[in-house]
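Note on naming: letters A, B, ... go to the chains in the order of the sequence lines (proteins, then strands), and numbering restarts at 1 for each one. The analysis underlying the following values was restricted to heavy atoms, covering all of them including side chains, and did not include hydrogens, waters or symmetry mates.
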Amino acid sequence: MQSATVKVDLDMFREETRAWLEENCPPSQRTTPPRGLEDCYAGGRKPYFHSEEQKIWFERMRDKGWTAPTWPKAYGGGGLTPQQAKVLKEEMKNLNCRVPLWSFGLMMLGPAILHYGTEEQKQKYIREIVNGEVWWCQGYSEPGSGSDLASLQTSAEDKGDHFLVNGQKVWTSYADRSDMIFCLVRTDKDAPKHKGISFLLIDMELEGVSVRPIKLISGKSPFCETFFENVKVPKENLVGTLNEGWSIAKNLLTHERTSIGIVTEEQPLHEYAIEKLGLVDGKLNDPYNRMQIAKWSMDRDALSSSIAKTIDEAKSGTQPGAKSSFFKYYSSELNKRRYELAMSVGGTDALEWGEDYMDGKLARDMCRTKANSIEGGTSEIQLNIISKRILGLPSK
Amino acid sequence: MQSATVKVDLDMFREETRAWLEENCPPSQRTTPPRGLEDCYAGGRKPYFHSEEQKIWFERMRDKGWTAPTWPKAYGGGGLTPQQAKVLKEEMKNLNCRVPLWSFGLMMLGPAILHYGTEEQKQKYIREIVNGEVWWCQGYSEPGSGSDLASLQTSAEDKGDHFLVNGQKVWTSYADRSDMIFCLVRTDKDAPKHKGISFLLIDMELEGVSVRPIKLISGKSPFCETFFENVKVPKENLVGTLNEGWSIAKNLLTHERTSIGIVTEEQPLHEYAIEKLGLVDGKLNDPYNRMQIAKWSMDRDALSSSIAKTIDEAKSGTQPGAKSSFFKYYSSELNKRRYELAMSVGGTDALEWGEDYMDGKLARDMCRTKANSIEGGTSEIQLNIISKRILGLPSK
Amino acid sequence: MALILNEEQKMLKDSAADFLKERSPIESLRRLRDTKDKQGYDTQVWQEMIEMGWTGLNIAEQYGGLGFGYVGLGQILEEIGRTLACSPLISSVVLGGALVNLIGTEAQKSILLSEIANGNMIVTAALDETNQHNPLVVNTMASKTEHGFVINGQKKFVLDGHIANQIIVSARTDSGIQLFVIPSDSEGLSVNQRILMDHRNASDISFENVSVPSSALLGKQEDAAEMIPKALDVARICLSAEMLGSMQEAFERTIAYLKERQQFGVPIGIFQGLQHRAAHMYCEIELCKGLVMKALQAIDMDSPDLAKLASTAKAKCGEVLQLVTNEAIQMFGGIGMTDDEEIGFFLKRARVAQQTFGDYNYHYDRYARLSGF
Amino acid sequence: MALILNEEQKMLKDSAADFLKERSPIESLRRLRDTKDKQGYDTQVWQEMIEMGWTGLNIAEQYGGLGFGYVGLGQILEEIGRTLACSPLISSVVLGGALVNLIGTEAQKSILLSEIANGNMIVTAALDETNQHNPLVVNTMASKTEHGFVINGQKKFVLDGHIANQIIVSARTDSGIQLFVIPSDSEGLSVNQRILMDHRNASDISFENVSVPSSALLGKQEDAAEMIPKALDVARICLSAEMLGSMQEAFERTIAYLKERQQFGVPIGIFQGLQHRAAHMYCEIELCKGLVMKALQAIDMDSPDLAKLASTAKAKCGEVLQLVTNEAIQMFGGIGMTDDEEIGFFLKRARVAQQTFGDYNYHYDRYARLSGF
């Protein structure tokens, strides 16, 4: 139960926020953007703004600390309560305001540093992230360690005043445009595989770091391979305790899974189907696709009920536990089904694959969805987690 | 290539056979019967005929040895060549002649005795089977050994002049009506599990044998539990070499799998659907069931092409290998789907479950089909066999 | 509204679970079946349910109910689904009650709802005429006479029709489709009891020149074609809650069996082929939980999404219960095929629940229609 | 007819396999794509195919072909499916050839079939007007003039339309739907090349007052609406043979990867979850093998079951190729998502083949119609 005072304060905050947003969010920043990097500001040492208004919007939000609304003011964050942050989010949604900064630093690294970092690290890195000064990428996977992440081989040898890093990471998102990378590295070769791993921050400008983009079947290259050859990393770049990086990684992975667990629809599937197939007597002119789309839509509705229920339960104190695996698994499979159905409905029109990415966008996006059930832990891994941690089925 | 002489001989045989069948097969034996025991003559020490004509038909066929057309004349069989047997089968099908004798002896035990039995055993048992004098049942499974058949525990101790059998079998078909049982028993407790098994014939009238029918979810009781308590079995009832019964069992199981691998339809599914749903503009009045039935029918057609292809390849010398597992798996799953679709099409009419078996037959048959993917090796076991023996995927 | 239970609802659920485990386990259903019980449910247990107030949870206090709401009733039905307890709760309290509540006049509500709530009367509905559920196919005719109506026609699949005191029948009149409340012992009304595969009962009911007074008309003169689906939606959601209980119970029994059954020297639950299928089922069941809760709340809130949620819940629970019971039998193997093992009862119940108030095909179509495609 | 290959057919298959592995591996397709090759196939390889007689296998000897039959051609197409070799075999030799052969006059056959067979001419068909395959939706009009016809309309998804010498176009006339053979450089005919996701080409073609002489009419005066589906059935079966090759190759590469890829210290093929899915795919592919063989024989025997077999083969191969390519990507994991790994080419080809000549939904409907339900 909220006390009456809190309620009044929140209402006031809502009014002020709305007024501020209306005054400060430029018109061009109030349209629904495409997902991710294609149209959002990503920060970094060599900032690139798509427009002057994007820059203004970012700077105004940054100055209030609202790029990271709930992070402590002491490190440049907005210092909002969760309730206030929710209000801000709602008001931004009402006005269609774009996120002012979209970065892995905000989504992934920041929470880890706030949790595991030293005071110095917080002062430095959290502030940089809030201000969008550094573009971070993630270095977890290696060519030989996909689902078996803990088998990673990239080594960081203790050389007294620095770590000497050698190895190779793969699936590093936009490493070719990143300033720094947060990495899992092996710091004890003799320990059991989960025990000898540490969490290390590495500057991409250091000597010995090189990057090669990976071209995907969709034709895009959002990922890279990143190589480390005798890279000297300062000792203070270690986050958390030496050899205990695995717990930080697990924490982050759960976080990643949850953020993947949402099916986004730029255009509702059934509307696209109406566009491509037409209606006869109010029904899609293809009974089989019609039924499949109904079935799919029901599953989408059901998943969102189920997520809402879990959130409500969490609020009332029930731990969601390994449920993030369920959401990750189901939403990945659902998204893949969505695109298969869109391809089916689109017929021959959907097969185009122009030279430009937007030309033939559906086919490329369909290819992209195939990664949903691989990245952030494959569907098989999620099913393993469910069967072991939730159902308690035995292991070998 | 057939030589001209063979061709002429076969044509003559066909004509003679047709004439004989027309003269000798009574009218009541020329209608398509329900499957299995409900309407076929099963033989045994206490023979039961459904009608006088059934008796006449059986005796006439028996006298020609045509209850087992290809088995050697020396043991009472028909002595036909495979080509002749095919002609006989075709002509019987043309005239809708029922099988004169339906027994596990014919389908399962006979081939094993012909392959592994001694001359004495052949003289005795093959003749009895051809003449329908003994009703046989099969004793493989035990309560603790389902998919892991070789873990069976029923023991046969060598007592010099006899084996002393103790243990329990389950899923013994019609054991309550059988005269004898062919069993897998453990004759060496210390050997690896596949090595200490023997193949033994046991008279059900012996002291210490008792039987309890198992009621199934379909309401029928075609199977029993069979108990052995200090049963003394004569030494000459061993078939094949001591402790090498597993190879006989494997051979028989492949045989069983192949005979299960056929989808039977008393009434084509789409005709039943037309009856229950009706046609509108020539289409079933339920687009979703219509598509599912089309899909199912295609799979049925595809399976029968695939079986035909394998048979043709076998004729031209290509060994089918582990393909029986594919047929067993697919036809079981197909048959289950068929009945689920029939239930869907039948709607509330299909839910009836009268006191009499035929009253609510569809629902009971649907329940029965659930065993298709369990009996004769589960679907999971078939998939294991395919993945190991055909695809060569590694085992632990 | 948060998708969680409040303390009262949780307590209700727990006490229902205890009661049903004790008083109406699956053995009871087996006994009813084996003794060829004509009633189809245990009168004593039903009496206890009435005493606990289960028959009045969804009925307003002014009509003699408890006004506790459907989220609460849903918790009881979920527990009923776990033990497959037979009772006229769905036929009379839920569907009969919803029809009277949504369509009846104030006077009819006063009488009928209180009789339903206190268990004195079993009121079931005769809506279907075809083997595929479709409440808008109505060929039964109600012709106006001087003092009332004469009804002629055939109805199918009337749940608990053999023991109902009153039958609410849909018939075509000059004003469209209307409902009539008819005593089951009326002249010209004949009930043909049919035993179903889940060992429950439905009846074919024929009406041959059944005369009823004008007061038999449920509600005023309006066409009921719009309110019938709404009452059915309430019943669909309640049945979904029951199905949710059944799928959870069948699933939990299967998981327990996977841990216990040994083959090749290990529990079969160690095999990844089965693990992945089990984990997938877990996810599907979780979806049903969220859906059913949302749909139950939609009844209590009289949400405009009721129809879509009802179709989604009924379709999805139908699909998942079919999946789970099929997989259960397969994973139990030969044991699951025997009548001694209780898992088969869930398979049979699943098929009947599936067809009751529309199967998934019916609801896919309806959902698409409601969504404008 | 036994469902096996004879010695000649086996030899043909083996030599095709060797040739394609050597001269047209998947790298060739990648090169065509990366160099943005306008032609869409390798002219030199196509010339060699012609020299080997591949373009005349299905064409009767009297028209300059080899009269070898479709079972033989199917073996080559299966091998083509394995290396994803691009060529106008399906568009010109199979579909163009079948239309001319089934509908053309003797004179037209003499000229066109021999030109197709000797590779001098690429003859493709412009039948579809909607994004969903439906050859009987024809709004293109052919109006009679003094010396012939004037054609107006829009066609979609014309395979290899950008390099065809002649286009066989369906149009509505006073006598129903008829076909016209039109040189691609005719005035008023414009070709808009579209690159597809499998890196092959189809075109939108518009006809604006395209004048053709009476001799452009394919065949005599009859309505071609009955023969067009038959020619398409031949093409559907041939495409199914190609898809059969692709699914086998994608599957075998996946199985090899399962044996090779190590995770948790073991090859991932050891996990039963993947094993069962692989075994299931094996079964589905085996079904396609039987079906395609039977359907190819049906062309050679002019079987009355042709239409049903063509729909079954196309639907089933479409389903299974989709399943296999999706599973392949999933089992390859991250590697499968990269453009460097060749498995993705199969996924993309599968989607185009699926839509060509009708997807599975189209063929489920057609099969049901042909079966009377």
Side-chain angles (χ1 to χ4, degrees), chain A residues 268-271 273-274 277 279 281-285 287 289-318 322-323 325-327 329-330 333-334 379-380 382-396, chain C residues 1-6 251-252 254-256 258-260 266-272 274-295 297-298 305 308-309 311-317 319-320 360-361 363-373:
Chain A
L269 179 57
H270 73 271
E271 284 180 15
I274 292 172
L277 298 171
L279 296 174
D281 296 332
K283 295 179 177 188
L284 280 179
N285 190 18
N289 268 314
R290 178 172 182 261
M291 292 293 175
Q292 294 294 339
I293 292 170
K295 217 162 126 82
W296 181 87
S297 307
M298 285 181 170
D299 284 341
R300 174 205 55 199
D301 295 354
L303 180 63
S304 78
S305 299
S306 193
I307 292 176
K309 182 163 169 283
T310 304
I311 291 172
D312 290 342
E313 284 167 354
K315 281 184 198 154
S316 80
T318 309
K323 268 201 186 166
S325 286
F326 148 45
F327 297 138
Y329 162 68
Y330 212 90
E333 299 300 328
L334 209 52
S379 281
E380 289 78 10
Q382 308 309 330
L383 292 173
N384 285 346
I385 293 174
I386 293 167
S387 79
K388 266 137 210 166
R389 289 203 220 145
I390 299 182
L391 304 178
L393 289 172
S395 309
K396 309 254 166 186
Chain C
M1 202 170 173
L3 291 162
I4 48 172
L5 298 180
N6 62 32
F251 181 64
E252 288 163 18
T254 305
I255 295 299
L258 291 181
K259 293 177 186 172
E260 164 199 319
V266 290
I268 58 175
I270 221 168
F271 294 112
Q272 200 192 44
L274 302 182
Q275 287 183 344
H276 282 188
R277 282 153 58 189
H280 176 75
M281 281 191 272
Y282 164 83
C283 296
E284 294 286 4
I285 294 170
E286 284 298 310
L287 293 192
C288 292
K289 285 186 194 168
L291 261 180
V292 167
M293 177 67 100
K294 200 163 175 191
Q297 289 185 352
D305 291 335
K308 249 169 109 166
L309 281 165
S311 278
T312 306
K314 183 63 178 47
K316 190 77 198 161
C317 289
E319 249 180 54
V320 178
Y360 44 59
N361 291 339
H363 289 291
Y364 297 150
D365 176 74
R366 184 166 181 257
Y367 178 98
R369 202 156 25 82
L370 292 167
S371 308
F373 69 90

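- If you measure heavy-atom distances from A:S297 to chain C, the contacts under 4.5 Å come from both the backbone and the side chain.
- Contacts of C:R366 with chain A are absent, with no heavy-atom separation under 4.5 Å from either backbone or side chain.
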Take A:F326 and C:L287 through the test side chain to side chain contact (heavy atoms under 4.5 Å, CB included) and record every step on the way to the result. CA-CA 10 Å; A:F326 148 45; C:L287 293 192; 3.7 Å; yes

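- With a 4.5 Å cut-off on side-chain heavy atoms, A:M298 and C:Y364 count as touching.
- The greatest number of non-hydrogen atom pairs below 4.5 Å with chain A, out of C:H280, C:K259, C:E252, C:K294, is found for C:K259.
- Formation of a donor-acceptor pair under 3.5 Å by the C:E286 side chain with backbone atoms of A:I307 is not found in this model.
- Every residue two or more places apart in sequence or in another chain was checked for a ring pair (Phe, Tyr, Trp, His ring centres under 6.0 Å) with C:Y367, and none qualifies.
- One distance of note links CD of C:E284 with OG of A:S306; it measures 10.5 Å at 0.5 Å rounding.
- C:C283 approaches A:I386 most closely through the heavy-atom pair SG-CD1, 3.7 Å.
- Both the backbone and the side chain of A:L391 come within less than 4.5 Å of a heavy atom in chain C.
- Both the backbone and the side chain of A:I293 come within less than 4.5 Å of a heavy atom of chain C.
- Counting heavy-atom pairs closer than 4.5 Å to chain C, the top residue among A:K315, A:M291, A:K295, A:E380 is A:K295.
- The heavy-atom pair separating C:L3 from A:D312 by the smallest distance is N-OD2, 2.6 Å.
- In this structure, no portion of C:Y360 lies under 4.5 Å from any heavy atom of chain A.
- Chain C forms the most heavy-atom pairs under 4.5 Å with one residue out of A:L279, A:N384, A:D301, A:I274, and that residue is A:N384.
- Summarising the geometry of C:Q275 relative to A:P394, their closest heavy-atom pair is NE2-O, 2.9 Å, with the distance given to 0.1 Å.
- Note: A:S305 OG to C:Q297 CD = 9.5 Å, rounded to the nearest 0.5 Å.
- Counting heavy-atom pairs closer than 4.5 Å to chain A, the top-ranked of the candidates C:I270, C:I4, C:L291 is C:I270.
- Heavy atoms closer than 4.5 Å to chain A are found in the backbone of C:M1, but not in its side chain.
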A:D299 vs C:K316, side chain to side chain contact (heavy atoms under 4.5 Å, CB included): CA-CA, chis, key distance, verdict: CA-CA 8 Å; A:D299 284 341; C:K316 190 77 198 161; 2.5 Å; yes

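- For A:E313, the salt bridge (charged side-chain N to carboxylate O under 4.0 Å, His left out) partners at least two apart in sequence or on another chain are A:K309, A:K323.
- Heavy-atom distances place the side chain of A:S316, and not its backbone, under 4.5 Å from chain C.
- Contact record, A:R290 with C:F373: NE-O, 3.2 Å, taken as the closest heavy-atom pair.
- Paired with A:L393 under the rule side chain to side chain contact (heavy atoms under 4.5 Å, CB included), one option of C:L274, C:I268, C:L258 passes, and it is C:L258.
- Note: C:K289 NZ to A:T310 OG1 = 9.0 Å, rounded to the nearest 0.5 Å.
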